[in-house]
Amino acid sequence: MADAQDILSLCKRRGFLYPSFEIYGGVAGMYDYGPLGTALKNNIIEIWRRLYTLGEGFIEIDSETINPEIVFKASGHVDEFADKMVRCKVCSDAFRADHLVIEYHPNAGALKDKELDELIRINKVVCPACSGGLSSVEEFNLMFKTNIGPGSGRVGYIRPETAQGIFVNFPNLYRYNREKLPLGVIQVGRGYRNEISPRQGIIRLREFNMMECELFIDGEDKTWPRFDDVSSETLRLLANDGLEMEISIGDAVDQGIICNQVLAYFMWLTQEFLKAVGVDEERLRFRQHERDEMAHYAADCWDVESLLSYGWTEIVGIADRGCWDLSRHSQFSGVEMSSFKRLDEPQEMEIDRIKPRYDKLGPMYKGKAGKIGEVLEEADPVEVKDGSIIIEIDGEDIAISDELFEVVRVKEKVTGVRSIPHVIEPSYGLDRIIYTILEHAYSKKDDQTLLSLKQTVAPIKVGVFPLMARDGLDDLAKDIDQELRYSGIETYYDDSGSIGRRYARMDEIGTPWCITVDYQTREDGTVTIRERDTSSQVRVRFDEILDVVRAALCDVDLSMFAVE
RNA sequence: GCAGGUGUAAUCUAGUUGGUUAGGAUUUCAGCCUUCCAAGCUGACCGCCCGGGUUCGAAUCCCGGCACCUGCACCA
């Protein structure tokens, strides 16, 4: 297996990746993409984007990376990412400090570090695992905090995922989609996590690239229109009951291994994407989250893992997040986040409604009566208990006796129902995918490095060389180089060193083809085109070279252009 | 963050009883040569992670920092 050090060395040497701020000693978990890395990344993004926008009809947005605190209060990140931790001095296990003292304080979660320290000390709290002594409280905040605007007025955080930018825009996007589900929204961008210990090259970064999709669907209907077309396609699953299997997505859904069609469809789509950009199918699997690993709101979650020299590594997560995200944002913002599902036929329904008796409310509550009436009208009659109903007015609970209202049965025409959409989230770790592609493409034979990148993602598509940089061969080669570049094909012209060395340079950065102008070109107007992985050559017509390359880019067998 | 290991050129690496001008290979560049897979010759560029300390003298010893690797924990 390829050594991670070799890959990182190649990346640095050839301009895929550079450690950030290298001249100042570097910063852990931060890397810059060099020229080739950037091109590779852009190519991958473009394939992904097309798959979702052109293939599935999804829409793309680009939202802010700095968000006000409330966004992450609603998302749960403020609590989830800013734990107060203590560590066992003996077994070095970490625990949430507030959980350890919960029996000694009614509101342990609100305590300051020092107060928690104090409580732990006074009550002689020890490590729950081994009864060892505990360290003092440390703050673990994995979000980067900042201030929005001058002074220290408004707290903001740099986003740890792009997803929230989509959720908070849901009302706009739902309207853009003309109030229809399903609504698929994608975003490509950076996320930021102040990792405790970034390691393993670009596998765990502090500033990382994500491609995320949030698919909003009707929670009552998790079928997918194109599911039947692909239901016989297979995936390699590692379910959370420990069973590993190769199974069609149709069977997996039927047997309840994958919980619904939408999830299964996007798992398959993800596999197609990863194969298309060069992840080795043999080193790819879907691992289901353990029950305790899953976020509490998730119905099901599968990680796509690739086998790297670091071991099996998560590169994509595909989760059914239920209606959690939109519910929370609706709750925190007070904005409606539901969708309206029109019924096939409007239905006449008889419903019980509360009808306030304003003649009695008025004298009793004076100025408040109007508000109370409004709230009563919206209230559900089933909440009437023991002759009264409790309603909330201006943050105050008030019991309203049933003498002050009537429950009446009314006929209402129902044309549809409102519900909060569920979210299926395929979330792709771009940097990890890039690294996987590099490692899976990497091979070494007798000191010769070969990067077998798919032509779709290769930063440079064609190397163009004169066999000798003289006798007019160089001019002919430059003509070809220019023609290809002007046609939108990335090339690399090279006339330095032996021809073998030039092929080797291209092999090392994954360039799939090389065209060489030789002396025969002057005689019969043909050039050679060499295929990277086999180093086999085909002689083709000089004046057809653009067609040949275009065909090659469509994976057409080049032998059909051979002139010999 | 903890424990252990490591840090010499763009890359890989030799080099401690502390002692002259840190050696090699690859890459890159220039020139010569060269009619298809890293040929050869000549030359050039480029280095002891950073900062302190000990010493007449530090790549080498000590302290601190930074980075990388392995494990723990966390996670995309």
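Letters go in sequence order (proteins before strands), and every chain restarts at 1.
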| Between C1' of B:U28 and CG of A:D494, the distance in whole Å | 12 Å
| query | Who does B:A67 pair with, Watson-Crick or G-U, both distances under 3.5 Å? | reply | B:U6
| request: For B:A73, give its Watson-Crick or G-U wobble partner with both distances under 3.5 Å, or none. | output: none
| said: I'd like to check the ring pair (Phe, Tyr, Trp, His ring centres under 6.0 Å) partners of A:F58; sequence neighbours left out, ordered by chain and number. | reply: A:Y52, A:F266
| task | For A:H289 and B:C74, give me the distance from atom NE2 to atom P, rounded to whole Å. | result | 14 Å
| 5'-most contact on RNA chain B: A:G429 or A:Q200, nearest heavy atom basis? | A:Q200
| said: What is the separation between atom CD1 on A:I7 and atom C1' on B:C69, rounded to the nearest whole Å? | reply: 16 Å
| Under 6.0 Å from the six-membered ring centre of A:W312 and within 45° of its axis: does the NZ or CZ of A:R287 meet both? | no
| said: When the P atoms of B:G19 and B:C61 are compared, how many Å lie between them, rounded to an integer? | reply: 11 Å
| task | Taking atom P in both B:C46 and B:A14, compute the distance separating them and give it to the nearest angstrom. | result | 24 Å
| How far, in whole Å, is B:U27 from B:G47 if one measures between their C1' atoms? | 15 Å
| message | Does A:R49 form a salt bridge (charged side-chain N to carboxylate O under 4.0 Å, His left out) with A:E46? I'd like the steps, not just the answer. | response | CA-CA 5 Å; A:R49 170 179 286 137; A:E46 198 48 35; 3.0 Å; yes
| request: Only one of A:D474, A:T521, A:D471, A:D518 passes side-chain contact (heavy atoms from CB on, under 4.5 Å) with A:P466; say which it is. | output: A:D474
| request: Tell me what A:G317 touches on the nucleic acid: a base, only sugar-phosphate, or nothing, going by heavy atoms under 4.0 Å. | output: nothing
| task | Could you state the atom-to-atom distance from CD1 of A:I23 to P of B:C49 in whole Å? | result | 18 Å
| task | Check whether any side-chain N or O of A:R502 sits under 3.5 Å from a backbone N or O of A:G497 as a donor-acceptor pair, and report yes or no. | result | yes
| Integer angstrom distance from the P of B:U13 to that of B:U20 | 25 Å
| task | For A:G25, report the nucleic acid contact type (base, sugar-phosphate, nothing); a contact means any heavy atom under 4.0 Å. | result | sugar-phosphate
| For A:L8 and B:G7, what is the distance between atoms CG and P respectively, to the nearest whole Å? | 18 Å
| task | Measure the distance from CE on A:M30 to C1' on B:C68 and round it to the nearest whole Å. | result | 16 Å
| query | Quantified in whole Å, what is the C1' atom distance between nucleotide B:U60 and nucleotide B:C49? | reply | 15 Å
| field | Assigned partner base of B:G47, Watson-Crick or wobble definition, under 3.5 Å | value | none
| remark: Nucleotide by nucleotide, nucleotides 34-48 of chain B touches protein heavy atoms under 4.0 Å in the pattern (B base, S sugar-phosphate only, - none) BBBBBS---------
| message | Taking side-chain contact (heavy atoms from CB on, under 4.5 Å) as the definition, give me every residue that meets it alongside A:R328, ordered by chain and number, with sequence neighbours left out. | response | A:W324, A:Q331, A:F332
| request: List for me each residue that meets side chain to side chain donor-acceptor pair (under 3.5 Å) alongside A:S443, sequence neighbours excluded, and say none if there are none. | output: none
| Starting at CD of A:E305 and ending at P of B:C75, how long is that distance when rounded to a whole Å? | 14 Å
| query | With a 4.0 Å cut-off on heavy atoms, is A:L205 in touch with a base, just the backbone sugar-phosphate, or nothing at all? | reply | base
| query | Does the side chain to side chain contact (heavy atoms under 4.5 Å, CB included) test come out yes or no for A:L438 and A:Y442, once each step is laid out? | reply | CA-CA 6 Å; A:L438 289 170; A:Y442 181 93; over 6 Å; no
| request: Please list, chain by chain and in numerical order, all residues satisfying side chain to side chain donor-acceptor pair (under 3.5 Å) with A:K12, sequence neighbours excluded. | output: A:E22
Could you list all N or O pairs between the protein and nucleotides 9-14 of chain B that sit under 3.5 Å apart?
residue, atom, partner, partner atom, Å
B:A10, O3', A:K12, NZ, 3.2
B:U11, OP1, A:K12, NZ, 2.9
B:U11, O3', A:S9, OG, 3.2
B:U11, O2', A:S9, OG, 3.4

| said: Categorize A:I203 for me: base, sugar-phosphate, or nothing, with a 4.0 angstrom heavy-atom threshold over every strand shown. | reply: base
| task | Evaluate the ring planes of A:W48 and A:F273, with Trp represented by its six-membered ring, and classify them as parallel (under 30°), tilted (30 to 60°) or perpendicular (over 60°). | result | perpendicular
| message | In this structure, how many angstroms lie between the P atom of B:C74 and the CZ atom of A:R206, rounded? | response | 18 Å
